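Chain letters run A, B, ... following the sequence lines, proteins first, then strands; residues in each count from 1. None of these values were measured; they are calculated from a predicted model.
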Protein chains: 2
Amino acid sequence: MNKVFHAITEKQQDADATTMAADITSDYQLEDQVGFILRCVNQRHLSIFSRLIPDLTPTQFSALTKLCENGQASQNELGRMIAIDAATIKGVVDRLKLRGLISSESQPSDLRRLILKPTAKGRQLFDQIRVAALAVSEETLKPLSDKERHLFFRLLMKLR
Amino acid sequence: MNKVFHAITEKQQDADATTMAADITSDYQLEDQVGFILRCVNQRHLSIFSRLIPDLTPTQFSALTKLCENGQASQNELGRMIAIDAATIKGVVDRLKLRGLISSESQPSDLRRLILKPTAKGRQLFDQIRVAALAVSEETLKPLSDKERHLFFRLLMKLR
DNA sequence: GCAAATTAGTTTGTATGCTAACAGTTTATG
DNA sequence: CATAAACTGTTAGCATACAAACTAATTTGC
């Protein structure tokens, strides 16, 4: 799982969020920087994801999901849809292909393009996992009330 | 810089955050999952960081900052302070050492430990960069009002 | 006091994620 | 129509990031 995450949360559980947020502009404190906490929250999410969905990485799941949602896409197109650059998406696609979850064929009308589609096995895995994916979101947001979740979501969207 | 981030934001600028957040539990949509958006927000932050602070990666900056704040730390200790596992912190420390920003010596009372300290050059760089680091946070949070920033910070802290 | 458990650091392997440079293909432009 | 510009996928290189397995040193438990 994720040893670092647990070590950290145990240590800093009692921190006073309101106070720390107050002096952002005064003295420099690493823990007050958005980027640092963002990284920790992301870390916690990844830890939850890999525990509930050990079969795929979040990135692989995103790619498979988008292909199942759209039916097909070219490689770079897929990357743009889930915010992954061309160099990275290649590796992701290669690994999904290696596991028989997606297939690729070149598009006759544009020989540069590789058309990717989910295989039957890929669609089956996606259907199995999508429920767990909702549980991942649920557990990630567990520390927040329903009202706080919607608020957090709205603010997070603005920072995309 | 970060080509993916720009391509994505241009496309999805007009998305309605409130509506999308509303149906989290109904039909599965990748864009509604916290983890996905969290990753995008993190991506945007990294892009801002590398533009304003090209000299160091966020992780390297975190490590250097903690050493400057604390004076010294052992390698694993440093990793725990900034939520980085032992395998990763080794590479980070090696690269900072290679650039002469930190020094290491083994601790006589415990021969397993490597005591890390920032060098004069390291402290100097940190002092130069800390202002830019505040600017990174500022620009990352730019889409939010002051009230929203404090709110976001409070909620983010809860999800650590 | 000594074996067992723990801790610190290292190494290997896998997966993201980015930049930069490249070749082949297609589109736009003069 | 010819050439420049843009796009698609690929490769290499670097930097996180984590799991697992390992060595060496220290601490615990009996």
Partner residues of [X] under the side chain to side chain donor-acceptor pair (under 3.5 Å) criterion, sequence neighbours left out:
| X | value |
| --- | --- |
| B:S104 | B:K97 |
| B:K66 | A:E31, B:E69 |
| A:Q72 | none |
| A:T57 | none |

For [X], salt bridge (charged side-chain N to carboxylate O under 4.0 Å, His left out) partners two or more places apart:
| X | value |
| --- | --- |
| A:D55 | none |
| A:K117 | A:E105 |
| A:E148 | B:R154, B:K158 |

Pair of N/O donor and acceptor under 3.5 Å linking C:dT25 base with A:R112 side chain: yes
Which protein N or O atoms sit under 3.5 Å from an N or O of nucleotides 3-5 of chain C?
none

Sugar-phosphate, base or nothing in reach of B:L114, heavy atoms under 4.0 Å: sugar-phosphate
Partner residues of B:R113 under the side-chain contact (heavy atoms from CB on, under 4.5 Å) criterion, sequence neighbours left out: B:S74, B:E77, B:Q107, B:D110
Residues touching DNA chain C, which here means a heavy atom under 4.0 Å, drawn from residues 95-110 of chain B: none
Interface residues of residues 55-63 of chain B with DNA chain C (non-hydrogen, below 4.0 angstrom): none
Ion pair B:R149/B:E138, N-O distance below 4.0 Å: yes
Using residues 121-128 of chain A as the side-chain source, report each donor-acceptor pair under 3.5 Å to any protein atom, sequence neighbours left out, with the distance given to one decimal.
from   : atom 1 : to     : atom 2 : distance (Å)
A:K121 : NZ     : A:R99  : O      : 3.0
A:D127 : OD1    : A:R130 : NH1    : 3.4

